[in-house]
Amino acid sequence: MTEKAEVLVLGLGPAGASAAAEAARRGCRVIALERKREAGVPVQCAELIPRMLEAHPRVTRQRIDAMVTFVEDDAPDLKQGFPGQMLDRAAFDASLVEDAQRAGADVRFSCLVRKVHADGLVELGDGRTLRASVIVGADGPRSRAGKAIGRINTELVETRQVTVALREPHAATDIFLSAGIPGGYGWLFPKGERANLGAGVSPQHKARLKGIVQGLLRKLAEEGRVGKTVLSTTGGAIPVGGMLKPWGFHERTPVLLAGDAAGLANPVTGAGIAAAVHSGRLAGQAAASGRFQDYEDELEDVYRAALDRALARRRELLSSSMEKQNLRRSWIAYPEYWQ
Ligand SMILES: Cc1cc2nc3c(=O)[nH]c(=O)nc-3n(C[C@H](O)[C@H](O)[C@H](O)COP(=O)(O)OP(=O)(O)OC[C@H]3O[C@@H](n4cnc5c(N)ncnc54)[C@H](O)[C@@H]3O)c2cc1C
């Protein structure tokens, strides 16, 4: 028997949980499906969000005030005015799912969506089927909902991250730009007594990631900034090809895309949590109201210029010789980026 919902949300990351909450608040019968067994686990994130994004103190770990950028071996550039906060991402995602449940959404874990059929039927890994008036695809960078309507992230960055002990308190995000980290950058983000240390590269360089991260870890451990022992390892893909049209019809079923599925992560920084929460809320509202074009217009207004600029800078860098001046022009901490 095919189960029915008014709004079916695929994925319960920040975008999906936010969409489910908003649609349920507007009185829709919402079912949200997530392949993981619990919210946000395993964490695949460096856990930095802008300070202006509301997050309960229960799910935050420390504040960030500044950014320090290392271009090759040059002396670091300290830039104040990058206010952020470090999350406990698993707790953050869980808190958004709790909000959705409180709003009345039926959230279900261990539910892999295998296929979105042409007639709008959604098939799960165990063969069960569901149907809805509207589908919200919040299923990340390799979205099946996006694939169903032909809107796919074609450019990705692959990442690897380790969590290590942090030897001294630090309230800045450290960014490592180098021709040796092609298509991405390295990072050290402090989280109280620990830090997330990672790097992202274009997919063709994925095999080099382990060595890049080990190299950064060795250097920072020798400087006495972090411990040598790796406490945990993670990674994942980030969409860096820019914004996709965030809705379409799969035959007659409207499908809205939100968060990474809509290509809203920044192609230069890889940051996508704030955009996922915001677009998820808007997608939930649009799913309830049927105002799909308004959804697209709002995302265009808020994100288009910034994401297009980032995409252009990324592409310029990839087609350049990756000299220091090009690395600077491709990074948000330098005025050249904004010119
Ligand atoms: C290593 C790494 C570090 C990052 N660091 C940062 C950072 O510091 N700050 C920042 O802002 N952004 C960061 N990002 C990006 C950020 O994590 C994403 O932009 C954000 O998670 C997007 O939220 P989302 O809800 O759109 O997608 P996701 O968080 O990816 O959620 C999608 C959900 O859909 C589920 N799903 C996928 N396919 C299916 C299926 N077929 N069936 C059922 N469920 C499915 C997934 O399991 C997942 O839970 C990082 C990404 C990576 C990989």
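Numbering starts at 1 and runs along the sequence shown. Whatever order the structure lists ligands and atoms in, that order sets their numbers, starting from 1. As the structure is a prediction and not an experimental result, all values here were calculated from the model.
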* Asked: What is the closest protein heavy atom to atom 47 (O) of ligand 1, and at what distance does it sit?
  -> E34 OE2, 2.6 Å
* To do: I would like to know whether K115 and R144 meet side chain to side chain contact (heavy atoms under 4.5 Å, CB included); could you show each step before the answer?
  => CA-CA 7 Å; K115 192 161 181 196; R144 283 179 199 227; 5.9 Å; no
* Asked: Are Q285 and Y295 close enough that some pair of their side-chain heavy atoms sits under 4.5 Å apart?
  -> no
* To do: Counting heavy atoms only, name the option from D260, L12, L124, T234 that's nearest to atom 26 (O) of ligand 1.
  => D260
* Are any of the N/O atoms in P14 less than 3.5 Å from those in ligand 1? -> yes
* **For I238, atoms of ligand 1 separated by under 4.0 Å from a heavy atom** => 50 (C), 51 (C), 52 (C), 53 (C)
* Nearest-option assignment for atom 29 (O) of ligand 1, heavy atoms, candidates Q44, R144, R89, R142 -> R89
* In terms of atom number and element, which parts of ligand 1 are under 4.0 angstrom from non-hydrogen atoms of C111? -> 42 (N), 43 (C)
* When you measure from atom 34 (O) of ligand 1 to every protein heavy atom, which one gives the shortest distance, and what is it? -> G11 CA, 3.3 Å
* So, does S202 use its side chain to make a donor-acceptor pair with the main chain of Q204 at under 3.5 Å? -> no
* **Counterpart residues, side chain to side chain contact (heavy atoms under 4.5 Å, CB included), relative to R167 (two or more places apart)** => A165
* What residue and heavy atom of the protein are closest to atom 40 (C) of ligand 1, and at what distance? -> V113 N, 3.8 Å
* Structure fact -> atom 23 (O) of ligand 1: closest protein heavy atom, distance to 0.1 Å, is A276 CB, 3.4 Å
* Structure fact -> The closest protein heavy-atom partner of atom 14 (N) of ligand 1 is G270 O, 3.6 Å
* Does NZ or CZ of R313 fall inside the cone over Y337's six-membered ring, less than 6.0 Å from its centre and within 45° of the axis? -> yes
* Asked: So which bit of I273 gets within less than 4.0 Å of ligand 1, heavy atoms only: side chain, backbone, both or neither?
  -> both
* Asked: Does the side chain of V107 reach to within under 4.5 Å of the side chain of L12, using non-hydrogen atoms?
  -> yes
* Asked: To which protein heavy atom is atom 39 (C) of ligand 1 closest, and what is the distance rounded to 0.1 Å?
  -> R35 CD, 3.8 Å
* State whether Y334 and R328 meet the cation-pi test: NZ (Lys) or CZ (Arg) under 6.0 Å from the six-membered ring centroid, and within 45° of the perpendicular axis. => yes
* Starting from atom 31 (O) of ligand 1, which protein heavy atom do you reach first, and at what distance in Å? -> G13 CA, 3.5 Å
* Close side-chain approach of L197 and L216, heavy atoms under 4.5 Å -> yes
* Pick whichever of G140, G259, S143 has a heavy atom sitting closest to atom 27 (O) of ligand 1. => G140
* Ion pair present between E222 and R218, side-chain N to carboxylate O less than 4.0 angstrom? -> no
* Interfacing atoms of ligand 1 (cut-off 4.0 Å, heavy-atom, T159) -> 1 (C), 53 (C)
